[in-house]
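Presented below is the structure to which this report refers.
Just follow the structure's listing: the first ligand is 1, and inside any ligand the first atom is 1.
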Amino acid sequence: MAPNPPAVKRQLAAVFDMNKCLGCQTCTIACKTLWTDEEGMEYMWWNIVSTMPGKGSPRDWQTLGGGFPNDGDADPSRIPTVNEFGQAWEFNYEDVFYGGEGMNKYLQTKNDDGDWGALWDEDQATGEYPNAYFFYLQMICMHCTNPACLAACPRQAIYKRVDDGIVLIDQERCNGYRFCMEACPYKRIYFNHNAKVSQKCVLCYPRVEQGVAPACFRQCPGRVRFLGYMDDKDSAVYKLVERWKVAIPLHPEYGTQPNIFYVPPLSPPLFDDNGDVIEGSERIPRSYLESLFGPDVNRVLDMLTAEIEMVRGGGESEMLDTLIAHQWKSMFGGFTKDPSTLKRPT
Ligand code: SF4
Ligand code: SF4
Ligand code: SF4
């Protein structure tokens, strides 16, 4: 059986509205520049936005196992390799940009063993023109209620903060065994081959402690990312997850009770052979979305579609207004202080 979840006083959670994501990777770069720009961290993307259907990073992570499937025993898995995550590529700037070889040489230099990159299949659609489709999946550590990474660590180096439920790896205690990488079903932990420790998204806790939203949330131009405590009934997160139940977990069957919730993607309609719209059709197969979010995704998509129809008919919807986020401060559950107010530890 899955172990009992660690007790916390409050749980910080997030909602990602997949319908608003531009795939711009501003979030990815915001995290990279803030947290993972040191030696040993080159291949780390604590935040990643993958094109779906796609293999993601690490490649085919959804097939690697881990977690407590259906609340059962820990699922055997394995540690993804650096190449499966995707190495940082070398680029031939010298010849292509400055050596006059732009028409003769490729910009990208092949890495040793490199046959995958974190965004290898970015913007690659599935299906046949004109009915091809893709959408973006935003992923960070899910700061799970029952973290498989924590349960797997024989050093008790991983802990869940009592005051906010953020899951952290104690860098002093970590011995680099990597059982956590194996156990996490979302494969959101990386190994730092320089420092010899495991590392992952920290939910920007030094910012959160000072009332500033995490970098990847704050810098998202699509207003995709909502933050708030699960027990704060005024927060957008509470309303979207608990009140309207329009945001749901990714792969709930993994059994770790993730605290990042998703508003699943609505579909454009299909075209028939004459190029005419097939009314009421959906281009993204429901069966594919069910494979990501479970059968509950049908209820959410039907509810969202009905709400949009209602507004088009002249009605008003607090749920859609919340998702649109006319005022950015409405998204962050009180974590709205300006990053310029941040005090660095002395
Ligand atoms: Fe641990 Fe993975 Fe859950 Fe993050 S997503 S808390 S790394 S099990
Ligand atoms: Fe990176 Fe902070 Fe976003 Fe986590 S919350 S992915 S640490 S920017
Ligand atoms: Fe861009 Fe926001 Fe989507 Fe990240 S979540 S890719 S910042 S729109």
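Salt bridge annotation for K32-D37: absent, with no cationic side-chain nitrogen under 4.0 angstrom from a carboxylate oxygen. Using a cut-off of 4.0 Å between Lys/Arg side-chain N and Asp/Glu carboxylate O, E84 and R78 are scored as salt-bridged. Between E182 and K187 there is no salt bridge, since none of the side-chain N atoms of the basic residue sits less than 4.0 Å from a carboxylate O of the acidic one. Taking a cutoff of 4.0 Å between a charged side-chain nitrogen and a carboxylate oxygen, E282 and R286 qualify as a salt bridge. Using a cutoff of 4.0 Å between basic side-chain nitrogens and carboxylate oxygens, D164 and R161 are scored as salt-bridged. Under a 4.0 Å N-O distance rule, the pair D232/K239 does not qualify as a salt bridge.
Within the 4.0 Å heavy-atom criterion, the part of P214 lying near ligand 2 is the side chain and not the backbone. At a 4.0 Å heavy-atom cut-off, ligand 3 touches Q25 through the backbone alone.
In this structure, the ring of F16 has its center less than 6.0 angstrom from the ring center of F217. The aromatic ring centroids of Y190 and Y43 lie less than 6.0 Å from each other.
With Q210 contributing its side chain and K343 its backbone, the two residues share a donor-acceptor pair below 3.5 Å.
Short contacts between ligand 3 and L22, defined as distances under 4.0 Å to a heavy atom of the residue, involve ligand atoms 3 (Fe), 8 (S). Ligand 3 places these atoms under 4.0 Å from at least one heavy atom of V49: 4 (Fe), 6 (S). Residue contact check: W35 has heavy atoms under 4.0 Å from atoms 1 (Fe), 2 (Fe), 7 (S) of ligand 2. Taking every non-hydrogen atom of T26 and a distance limit under 4.0 Å, the qualifying atoms of ligand 3 come out as 7 (S). The atoms of ligand 3 that sit less than 4.0 Å from any heavy atom of P221 are 7 (S). Taking every non-hydrogen atom of V202 and a distance limit under 4.0 Å, the qualifying atoms of ligand 2 come out as 7 (S). Of all the atoms in ligand 3, the ones that sit under 4.0 Å from a non-hydrogen atom of G23 are 3 (Fe), 6 (S). Near N47, with a cut-off below 4.0 Å to any heavy atom, the atoms of ligand 2 are 6 (S).
Within 4.0 Å of ligand 1, counting heavy atoms only, the contacting residues are C141, M142, H143, C144, P147, A148, C149, V167, C184, Y186, I189, K200.
Contact detail for I189 and F85: the closest heavy-atom pair is O-CZ, 3.5 Å. Closest approach of V237 to A13, counting heavy atoms only: CG2-O, 3.8 Å.
Metal site remark for atom 1 (Fe) of ligand 3: C21 contributes no N, O or S atom at a distance under 2.8 Å.
Side-chain contact between V202 and W35: present, with at least one pair of heavy atoms (C-beta onward) separated by less than 4.5 Å.
Not a single heavy atom of R223 lies less than 4.0 angstrom from ligand 3.
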